[in-house]
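The structure under discussion appears below in the form of structure tokens.
These numbers come from the heavy atoms of this one structure, side chains and all, not from hydrogens, waters or symmetry mates.
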Amino acid sequence: MKRTKVVAVKAVLILIILTSTISCSGFKESRLSTTESVNLIDSSRDTIFSIANRKKYYNATITLKGMFSDTSVISFSTDTLLQKTTFFVPDTGNEFSQILNLESIRSDSLFIKYHPTKNSIFGYMKIAVTFL
């Protein structure tokens, strides 16, 4: 009688272990998104920002909000030489809000370069980067 109880308990334990193993086989680590923001302080000067990609995400969504009095260029790259770059030229004289998507990021940092085309530009901009 005791032997059958021991065998039954062992069978139940093996069944629990197998069920747990099978149910966890499709488990993937959660990669929550991370958002970092920067504000442009002086719109009449070249400025470079660096935002760390600490968890090595592969994609990013960039939200730009602001207003400039004249043409400016904002570029995004994963290297300091800006070899593979995405450019954005905001609408001048009007408030803008734009979302850009970057894919295949293979770097631990995202570099953002702001370049005004004239020294007398005024305005503001907030950049939010969400790594996905």
Side-chain angles (χ1 to χ4, degrees):
M1 185 80 160
K2 281 187 173 184
R3 185 170 170 87
T4 57
K5 286 184 181 180
V6 171
V7 171
V9 170
K10 284 183 180 179
V12 170
L13 288 175
I14 290 172
L15 183 61
I16 291 171
I17 291 170
L18 287 174
T19 304
S20 299
T21 304
I22 290 170
S23 67
C24 292
S25 64
F27 176 76
K28 291 183 180 179
E29 181 182 341
S30 175
R31 291 186 61 118
L32 300 174
S33 60
T34 301
T35 302
E36 300 285 336
S37 297
V38 292
N39 291 313
L40 181 67
I41 296 171
D42 187 351
S43 59
S44 62
R45 297 182 62 193
D46 281 358
T47 307
I48 295 178
F49 302 101
S50 173
I51 298 179
N53 183 7
R54 290 182 184 93
K55 292 189 177 181
K56 307 284 186 191
Y57 291 101
Y58 297 115
N59 300 308
T61 299
I62 301 169
T63 305
L64 304 162
K65 292 182 180 182
M67 192 279 303
F68 292 116
S69 63
D70 212 325
T71 305
S72 301
V73 177
I74 305 155
S75 41
F76 307 91
S77 181
T78 56
D79 64 273
T80 55
L81 299 176
L82 302 173
Q83 292 173 345
K84 184 180 174 189
T85 304
T86 301
F87 292 99
F88 174 70
V89 179
D91 207 9
T92 59
N94 299 313
E95 284 198 36
F96 60 86
S97 179
Q98 182 73 34
I99 297 176
L100 304 172
N101 293 310
L102 298 180
E103 297 177 350
S104 302
I105 298 171
R106 301 279 186 240
S107 175
D108 59 356
S109 295
L110 178 66
F111 299 95
I112 303 168
K113 181 178 180 185
Y114 167 77
H115 176 73
T117 56
K118 297 179 182 174
N119 289 338
S120 59
I121 292 178
F122 63 89
Y124 64 93
M125 180 177 57
K126 180 178 182 175
I127 303 170
V129 178
T130 303
F131 290 105
L132 308 167

Contact between Ser69 and Ile121 at the side-chain level, heavy atoms closer than 4.5 Å - yes or no?
yes

Is there a side-chain contact between Arg45 and Tyr114 (heavy atoms, below 4.5 Å)?
no

Between CD1 of Ile74 and CD1 of Ile112, what distance do you get to the nearest 0.5 Å?
9.0 Å

In terms of hydrophobic clustering (I, L, V, M, F, W, Y; side-chain heavy atoms under 4.5 Å; direct or indirect links), are Leu64 and Val73 co-clustered?
no

What one should report as the nearest heavy-atom pair of Ala52 and Phe131 is O-CE1, 3.4 Å

Option from Val89, Leu40, Asp91 for which side chain to side chain contact (heavy atoms under 4.5 Å, CB included) with Phe68 holds
Leu40

Rounded at 0.5 Å granularity, tell me how far NE2 in His115 sits from CD1 in Ile48.
11.0 Å

Distance check, rounded to the nearest 0.5 Å: Tyr58 atom OH versus Arg106 atom CZ?
6.0 Å

Could you tell me the separation between the CD atom of Glu103 and the CG atom of Leu132, rounded to the nearest 0.5 Å?
10.0 Å

Would you say the side chain of Phe96 lies within less than 4.5 Å of the side chain of Met125, judging by non-hydrogen atoms?
yes

Give a yes or no on whether the backbone of Phe111 and the side-chain of Ser50 come within a donor-acceptor separation of less than 3.5 Å.
no

Under 3.5 Å: donor-acceptor pair, side chain of Ser107, backbone of Thr78
yes

Ignoring hydrogens and angles, tell me if any N or O in the side chain of Asn39 forms a donor-acceptor pair with the backbone of Ile41 under 3.5 Å.
no

Flag side-chain contact, heavy atom, 4.5 Å: Glu36 against Phe49:
no

Given 3.5 Å as the limit, does a donor-acceptor pair link the side chain of Ser43 with the main chain of Gly123, or not?
yes

Pick from Ile51, Ile99, Leu110, Asn101: which one makes a side chain to side chain contact (heavy atoms under 4.5 Å, CB included) with Ile62?
Leu110

Examine distances only and state if a side-chain atom of Thr92 and a backbone atom of Pro90 form a donor-acceptor pair shorter than 3.5 Å.
no

For the CG atom of Asp46 and the NZ atom of Lys113, what is their distance to the nearest 0.5 Å?
5.5 Å

Is there a side-chain contact between Phe88 and Leu100 (heavy atoms, below 4.5 Å)?
yes

Quick one: pull up CZ in Phe76 and CG in Leu102 and give me the separation to the nearest 0.5 Å.
7.0 Å

Using the rule side chain to side chain contact (heavy atoms under 4.5 Å, CB included), only one of Thr34, Val129, Ile105 pairs with Asn53; which is it?
Ile105

